[in-house]
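It should be emphasised that the depicted structure is a prediction, and the values quoted were computed from it without experimental measurement. Scope of the values below: all heavy atoms of this structure, side chains included, with no hydrogens, waters or symmetry mates.
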Amino acid sequence: MKKGIYVVGGEKLSNSAFLKAKEFIYRYGRKIDIAWFEYNFVNNSTDEFMKVLKKYQFENGGFGGLVTEFEYSGPCLKSTEHAFRYIYNLKEKPDSGSPIIQNMMKYVLERYKPEMGCWGNLLVPEVNEMLHVWWWEYKKCDIEYLDFDSKVKAYNPNGQAALAAFTALYSDLIPLEKYQEIISCPVEKVLRYFDKNSPFYCEVSSDPSFKEDYMVPYNMKCYQQFIDCLQSDSNRYRDQELVERLKQILSRDPSVCMELDESLWTEGYHEIPCDIVTRPDSFLYPLVRSEVDSALDYLIRHQSEDGAWHLSYQFGEQEGFRKLERQYEANITALYLAELKSFGRIVGCV
């Protein structure tokens, strides 16, 4: 068995289904989607993939055009977070000497808001001037919190923890004091609000549109990335004792944020177990193996005839959304294929 490849029981995607998915990606996908497919199934070359990713980076170091849910393609933190997701999932990551990484770090650090304990709004006003889904709309939210406790309570890891993870992965590019400042809120959020032994456990999020923080799928996904980067060999400030404590807390009830009722998975938007635990080397996978494996079976069974995994809802009524939806579906199809391969779920792919 090759290193990094996990072979588990369950259904497998047939070769004909795989080829249909490939055709859909090449027909509707952007260059980044095709590059991600080719990285996973053709050349496995970090250098080749990074050449494509670099085309989405602007002179100021930020990325644009990586989010399919709005037309704006200029630089913003949301697209930059998407760039990190790709880097995070590379088997061989670019080192900190890469101009792409150095410029990206400069962009990220320049936009950090210490008065908020995070980056604040991940969008820019220009997003609103073009076609965009209602859930990604720029809203001014620059709030200055008076104390650290307020920053922690208000901290929403969706997107924010991924950017903090990036700074941990390439911590040799930032001083210790800045590193500690950036990771303090995501770390304390877990310690205070996810730990059942904490007096703050289960307090309702300051954002009323969310359920309790520990039940929000995005948060668990972001924290997995965050913890992985905290314990990365490349993190020169690594604190393994802290990492193990965070893992222990998040491992106590890992399925609470997952929709486990399969009858609901085709009705609207739900995060199924394999959408949350997307890698077999996740520290959560051994704890929810049966749930994730069943969700992977479901994923394979519900691939569409054209090879794609389609949205069960529309971005909006305007006709322009149809193009964005096809791009989103090509993107998610490329991501799902890579995930299925990592779990040993595609016939002939090892």
Side-chain angles (χ1 to χ4, degrees), residues 61-63 66 76-90 93 96 101-123 141-143 145 148-194 205-207 210 213-214 216-247 249-250 276 278 282-284:
F63 288 81
L66 294 177
C76 68
L77 285 166
K78 186 60 186 173
S79 270
T80 304
E81 181 222 342
H82 277 235
F84 162 74
R85 294 185 195 181
Y86 286 115
I87 294 168
Y88 167 76
N89 282 297
L90 291 171
K93 297 173 177 55
S96 58
I101 299 301
Q102 292 183 348
N103 292 334
M104 183 177 175
M105 183 65 79
K106 181 175 181 291
Y107 179 85
V108 168
L109 292 181
E110 285 177 346
R111 283 153 184 79
Y112 182 74
K113 299 181 181 297
E115 69 276 11
M116 299 179 69
C118 62
W119 281 266
N121 203 321
L122 301 182
L123 304 180
C141 62
D142 294 338
I143 302 172
Y145 296 102
F148 181 67
D149 290 344
S150 299
K151 293 178 186 179
V152 173
K153 184 173 183 179
Y155 187 82
N156 179 354
N158 184 13
Q160 305 288 340
L163 294 173
F166 169 71
T167 65
L169 189 63
Y170 293 101
S171 61
D172 57 333
L173 296 177
I174 63 176
L176 174 60
E177 183 178 357
K178 192 63 173 180
Y179 169 81
Q180 291 175 331
E181 178 184 23
I182 288 173
I183 72 165
S184 60
C185 278
V187 165
E188 283 299 316
K189 188 75 173 192
V190 174
L191 296 179
R192 298 186 187 189
Y193 293 92
F194 286 63
S205 168
S206 59
D207 184 344
F210 280 14
D213 283 333
Y214 75 100
V216 179
Y218 302 116
N219 296 352
M220 190 66 80
K221 291 173 70 173
C222 292
Y223 277 129
Q224 286 177 87
Q225 296 175 351
F226 178 62
I227 290 174
D228 281 349
C229 293
L230 285 183
Q231 71 173 355
S232 170
D233 290 339
S234 67
N235 184 357
R236 66 170 174 170
Y237 306 127
R238 180 175 56 182
D239 181 344
Q240 193 61 35
E241 184 178 345
L242 173 62
V243 167
E244 293 305 322
R245 188 178 175 193
L246 296 174
K247 282 183 176 181
I249 291 171
L250 293 178
I276 297 169
T278 61
S282 165
F283 67 91
L284 293 179

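Taking CE of M105 as the start and CD1 of I101 as the end, the distance is 8.0 Å to the nearest 0.5 Å. One finds the SG atom of C222 at 11.5 Å from the CD1 atom of I227 (value rounded to the nearest 0.5 Å). The line from CG of L169 to OH of Y88 is 9.5 Å long, rounded to the nearest 0.5 Å. For the atom pair OG of S184 and CG of L191, the computed distance is 11.0 Å after rounding to the nearest 0.5 Å. To the nearest 0.5 Å, atom CD1 of residue I174 and atom NZ of residue K106 are 15.5 Å apart. Between atom NZ of residue K178 and atom OG of residue S171 there is a gap of 15.0 Å, rounded to the nearest 0.5 Å.
Between the Y155 side chain and the A161 main chain, a donor and an acceptor come within less than 3.5 Å of each other. In this structure, K189 contributes its side chain and V152 its backbone to a donor-acceptor pair below 3.5 Å. At least one donor-acceptor pair under 3.5 Å links the side chain of K93 to the backbone N or O of L90. Looking only at distances, a side-chain donor or acceptor of W119 sits under 3.5 Å from a matching main-chain atom of V108.
Within a 6.0 Å sphere centred on CD of Q240, other residues, nucleotides and ligands contribute more than 12 heavy atoms. Within a 6.0 Å sphere centred on CZ of R85, other residues, nucleotides and ligands contribute more than 12 heavy atoms. Taking a 6.0 Å sphere around CD of E110, one finds it holds more than 12 heavy atoms contributed by other residues, nucleotides or ligands.
A pairwise comparison of heavy atoms in V243 and Q231 identifies CG1-OE1, 3.5 Å as the closest pair. The two residues C229 and A168 have their closest heavy-atom pair at O-CB, 3.8 Å. Closest non-hydrogen pair, Q224 versus S282, comes out as OE1-OG, 2.5 Å. Of all the heavy atoms in D149 and R192, the pair that sits closest is OD1-NH1, 2.8 Å.
When ring centroids are compared, Y107 and F63 stay outside the 6.0 Å threshold.
No side-chain heavy atom of F84 sits less than 4.5 Å from a side-chain heavy atom of L163. Counting heavy atoms from C-beta on, the side chains of Y179 and R236 never come closer than 4.5 Å. Inter-residue side-chain proximity for L122 and Q160 is flagged as met; some heavy-atom pair is nearer than 4.5 Å. L246 places none of its side-chain heavy atoms less than 4.5 Å from the side chain of F194. Residues T167 and L173 fail the side-chain proximity criterion, which asks for heavy atoms closer than 4.5 Å. The closest side-chain heavy-atom distance from V190 to F226 is not below 4.5 Å. Within the 4.5 Å cutoff, no side-chain heavy atoms of E81 are placed close to those of F166. Inter-residue side-chain proximity for D239 and L230 is flagged as unmet; no heavy-atom pair is nearer than 4.5 Å.
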Residues Y112, E181; criterion side-chain contact (heavy atoms from CB on, under 4.5 Å); working and verdict: CA-CA 10 Å; Y112 182 74; E181 178 184 23; 3.9 Å; yes
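Under a cutoff of 6.0 Å and an axis angle of 45°, K151 and F148 do not form a cation-pi pair.
Counting only N and O atoms by type, the side chains of N235 and Y170 include no donor and acceptor under 3.5 Å apart.
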